[in-house]
Asks: 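Next up is a structure, given as structure tokens.
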Amino acid sequence: METTILDIEREALGALEQVADRAALEEWRVRYLGKKSPLSQVMRQLGSVAAEERPRVGEAVNRCRDRLQTAWETAKEALSERLLNERLASERVDVTLPGRRRERGALHPLVRVMQEVEDIFLGMGFTIAEGPEVETDEYNFEKLNLPKDHPARDMQDTFYLTDALLLRTHTSPMQVRTMEAMRPRVPVKVIVPGRVYRRDEDDATHSHAFNQIEGLVVDEGIRMSDLKGVLEQFARAMFGPDQAVRLRPSFFPFTEPSAEVDVRCINCGGAGCRVCKDTGWIEILGAGMVHPHVLDWAGYDHRRYSGFAFGMGVERIAMLKYGIEDIRHLYQNDLRLLRQFARPV
Ligand code: 2NL
């Protein structure tokens, strides 16, 4: 019986040396110290041992179990220490390494120009409104004095979803919606930035999708001189304090009279160059007095109210301001181009 106990101990201690992780250690504990362990079996057989031998054998089993228990605890501590040392080694941080530099983002030149234009008009008391890119024929054309058979629709051909739904060709529909929501309150003083669409061939100066900012003012007694004053203020804030502004007669179905608006050439100052095609002037936007039909249809009686409106292409302004010669550069997201305009946000 006592040799059995010694065999058990030898086997158990041998097995303990092979234990390499917590799971194996727990398995060992169940196997050699648990209820079904060889030692427990010996204890159960104690009844068949001669009575005078019993105390000695029982004591031998107990001492053996104590030694196994102690060995298990020692092995457990050794294992814990080994695992900790392994973690400390694998998770070591070298505080002398240089930090990882995080790439800094910057605003896209189009976004910068949009925010700059918005800031200028906010400073003049305008509010900003945004609206849907999918519009109705009614709001994109009809309410802007562009009936179905009007020849000016050709210049603003667009992408149709149905006969009555289309991708807007300008942000004017949102200005009409703003008037309808404000009616009959004045002044209406709003700018509407956003993406618009035209059925155009893409080239260096045209894109089938581009950004526009339109402005609208409606009140009693609004005159063309108010339009010129606001646009002069804008041109000077955007292109420099000495900017001269020139209005040339033009035509839009939704304004009467209508004008193209020029500033002194940003490239040559008016002397004549390639950018201004030797005219000394550069067109930056279109504008005019809101057509009486448009006012009436939006609920502002044209005999009492008048207004002016203007619209500019954001890409065109950005290209002039930053000397970008091809509109497609603005959409390709080539970092070599974008980095040239990066400023801390
Ligand atoms: C351009 C010219 C223009 C307008 C837009 C407008 C809006 C309403 C009523 C009347 Cl609700 N007019 N907008 C007026 C004149 C010109 O845009 O060249 N845009 C890129």
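Both counts, for ligands and for their atoms, begin at 1 and track the order of listing.
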Asks: May I ask you to check if Arg199 and Phe159 form a cation-pi contact, with NZ or CZ under 6.0 angstrom from the six-membered ring centre and within 45° of the axis?
Replies: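 Judged by the rule (NZ or CZ under 6.0 Å from the ring centre, within 45° of its axis), Arg199 is not positioned above Phe159.
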Asks: Which protein N or O atoms sit under 3.5 Å from any N or O of ligand 1? Give atom names and distances.
Replies:
| from | atom 1 | to | atom 2 | distance (Å) |
| --- | --- | --- | --- | --- |
| ligand 1 | 13 (N) | Glu214 | OE1 | 2.8 |
| ligand 1 | 19 (N) | Gln212 | NE2 | 3.2 |
| ligand 1 | 19 (N) | Gly311 | O | 3.3 |

Asks: Any Lys/Arg nitrogen of Arg63 or Glu59 sitting under 4.0 Å from an Asp/Glu carboxylate oxygen of the other?
Replies: yes
Asks: With salt bridge (charged side-chain N to carboxylate O under 4.0 Å, His left out) as the rule and sequence neighbours excluded, what pairs involving residues 263-291 come up?
Replies: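 Counting only pairs at least two positions apart or across chains, the salt bridge (charged side-chain N to carboxylate O under 4.0 Å, His left out) contacts touching residues 263-291 are Arg248-Glu283.
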Asks: Could you list all the ring pair (Phe, Tyr, Trp, His ring centres under 6.0 Å) pairs where at least one residue sits in residues 211-235, not counting sequence neighbours?
Replies: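 Listed by first then second residue: Phe121-Phe234.
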Asks: Any salt bridge between Glu26 and Arg22, counting N to O under 4.0 Å?
Replies: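 No, no charged N to carboxylate O under 4.0 Å.
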Asks: May I have all residue pairs that pass side-chain hydrogen bond (donor to acceptor under 3.5 Å, both in side chains) and include part of residues 113-127, sequence neighbours excluded?
Replies: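 Sorted pair list: Glu116-Lys321.
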